[in-house]
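To start, the structure itself, in structure tokens.
Just so it is clear: chains get the letters A, B, ... in the order the sequence lines come, proteins before strands, and each one is counted from 1. For clarity, every value in this text was computed on a predicted model and none was experimentally measured.
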Amino acid sequence: MVRSRWPELLEERKEETKKTIETLPPLPNDENYDMIVLRFAPNPDFVLTLGNARPAILNYAYKLKYERLGKKSKFILRFEDTDPKVKRPFIEDPQIRERYSEKDLINYKFIIDDLEWLGIRPDEIYVQSDRVVEGIYYDVARRLIEIGGAYVCTCPEDVWRRYRDSKQPCPCRSRNVEENLELFEKMLNGEFKEGEAVLRIKTDMSHPDPSVRDWVALRIVDAKHPRLVLKYGEDAAEKFKVWPTYNFAVAVDDHLMNVTHVLRAQEHRINTIKQSYIFRYLGWRQPETIHFGRLHIEGATLSKSKLRELGLRYDDPRLPTLAGLRERGILPEAIWEIMLNVGIKSSDARISLANLYSINRKYLDERANRYLAVIDPVMIEVEGIDKELIICEIPYHPSHLERGKRRIEIKTENGKVRLYISKNDVELLRKKRKIRLLELMNIEYMNEHDGKIITRLVSYDLDTARRERLDIVQWVPAEDNVRIIVERVDKTPLTEKEFIKEIGLAEPELARLGKGEFAQLFRYGFVKVIEHRDGELLLRFVHE
RNA sequence: GCCCCGGUAGUAUAGCCCGGUCAAGUAUGCGGGCCUUUCGAGCCCGUGACCCGGGUUCAAAUCCCGGCCGGGGCACCA
């Protein structure tokens, strides 16, 4: 009743609850900044996963939001690759070496591609390993030493740990500035080996969280950085063995890049505290920080290391990497919608596949035209045809008639036509006796012998089918069709190398679709065209 | 063990800061119906939630305390 009387009222309420870039809550203290600067800072040890999409999209969404509000804003992409050993950049992967030139590798191209696919174009791109070469972190380190905010610690790790756990300063903490400066230069000159010296930030030895106590800002790593090797050569890479830790590099870069707001996952909460010491020592303004929860997706892990361990291609359509989802047929619009829907809550979010598919279907439904295809084809004969030639015209999309129709012609031989229908629908035919062939005619089951199913024409008109409530099934002409193979990614376990496949036949028109295009096969589901080969069409099942 | 977060229907989210308008909205799922030459889309109806216990208050999903559960952190990883 409310609906019929005040439909516009309900419309309005609907609008209010739909989440968009505009409905994102404002960033804290946004009025204090002339320009809002946001950043997305992945480690290039693997391609991006759905988990990374949350910070990437949310940060970029805020850039767009402020831009639309008429405020200057900027989105920075920063590669955080300051561990050449434990988290080696993904460029070592031979798969990628094959497909990309070294120049591309140096750009950490896959992550840029992933972002591009999401429609995210960074205003600026930085790579921390380049900034190590530029000496940026070393300069800040020297300044910290000079003002007494940092010291070189030469304690063996276990010895330091005992001091830390008992909240006592180690002897190194009381070294004077000159000694520290001298020792730091020795670190840079290669006079210490890995583990022999680190630069520590003076924090608070009685901080309740032990990891905050005099945390390490720079350490020696005895491994050549793969990217530096590629970019500058072995000898040059050899020179850079002192690497900033995550917290140090982030604090320095966030300041130098004028980052105003940091949106990141809640596992970084303690890092904000650690970084605050740098900001205080140097008199810098620390960015406003928002921590959101982690993301989980039904039936998959989003842990990069676990995904790598699976040993699958990074873009395997079963993987929740952005590349995998893209291969799978998930559209970037759907990922945006989910991320905006999940928002910046600090609790974890669990995304269900039903939800993901439903959102994706909304966008795919518009895009994908409809085609006839049968899985496990079974031939049937229809007798009693009174025409030489049966012609039918099927619209490409029921909601978009402007896209036109294609014509399918079937020749009659001795008053008979032969067609294929799906094995499933043969059961239906036997049970219900009468069915309608979509856009073609109504038929009735007669008998079957020698594996041949004989039916006869009832009528061509749709009204009969409606009146008798006949089931409508899709079909494919016996003479003119194309073989299809559908990869059932959804049914294939991760442990299988080969995808489970379904084979069938489709109307020839389907073969006109190009690689990467989408179709909806009547009563089957959405598929993506993978490739054409020798008259066969390889498709991938997306979802129903 | 210690230190942080967080807990609204199967799932996700709105509301919580500024207590009443919330017998809690939306999306998805599920059940039913309509429509449709698809088991898709659309439309309609229904289903279903404030973690538990105390307290404050005329009034609590909203504030306070305790418990339980979940997550994260406790690296010379990021």
Could you tell me which non-hydrogen atom of C172(A) sits nearest to which non-hydrogen atom of V152(A), and how far apart they are? CB-O, 3.5 Å
Whole angstroms only, please: what is the NE2-P distance between H207(A) and C74(B)? 14 Å
Starting from P on A78(B), measure out to NE2 on H225(A) and report it in whole angstrom. 11 Å
F110(A)-F46(A) aromatic ring centre distance below 6.0 Å: no
U62(B) versus G55(B) - spacing of their P atoms, nearest Å: 15 Å
Residue pair Y363(A) / E337(A), side-chain donor-acceptor N/O under 3.5 Å: yes
Going by the salt bridge (charged side-chain N to carboxylate O under 4.0 Å, His left out) test, name the single residue among K85(A), R219(A), K241(A) that passes it with E194(A). K85(A)
Using whole Å, report how far CZ of F292(A) lies from P of G6(B). 16 Å
To the nearest 0.5 Å, atom CG of D30(A) lies from atom CG of L27(A) at 6.5 Å
Side-chain N or O of R294(A) versus OP1/OP2 of G71(B): is the shortest distance under 4.0 Å? no
Is P42(A) touching bases, backbone alone, or none of the nucleic acid, heavy atoms closer than 4.0 Å? nothing
How would you label the contact of D209(A) with the nucleic acid (heavy atoms, under 4.0 Å): base, sugar-phosphate, or nothing? sugar-phosphate
For R161(A), report the nucleic acid contact type (base, sugar-phosphate, nothing); a contact means any heavy atom under 4.0 Å. sugar-phosphate
In whole angstrom, what separates Y357(A)'s OH from A27(B)'s C1'? 18 Å
In whole Å, I'd like the distance from the NZ atom of K274(A) to the C1' atom of G73(B). 8 Å
R213(A) near the nucleic acid: base, sugar-phosphate alone, or nothing, with a heavy-atom cut-off under 4.0 Å? nothing
Rounded to whole Å, please give me the gap between CZ in R370(A) and C1' in U38(B). 8 Å
Measure from NE2 on H543(A) to P on A41(B) and round the result to the nearest Å. 10 Å
Any donor-acceptor pair under 3.5 Å joining the side chain of Q520(A) to the base of U38(B)? yes
For Q474(A), report the nucleic acid contact type (base, sugar-phosphate, nothing); a contact means any heavy atom under 4.0 Å. nothing
Give one of base, sugar-phosphate or nothing for V198(A), where a contact means two heavy atoms less than 4.0 Å apart. base
Please give the distance between the P atoms of C2(B) and G15(B) as a whole number of Å. 34 Å
Could you tell me the separation between the OH atom of Y246(A) and the P atom of A75(B), rounded to a whole number of Å? 16 Å
Starting at the 5' end of RNA chain B, which residue's closest nucleotide do you reach first, T245(A) or R361(A)? R361(A)
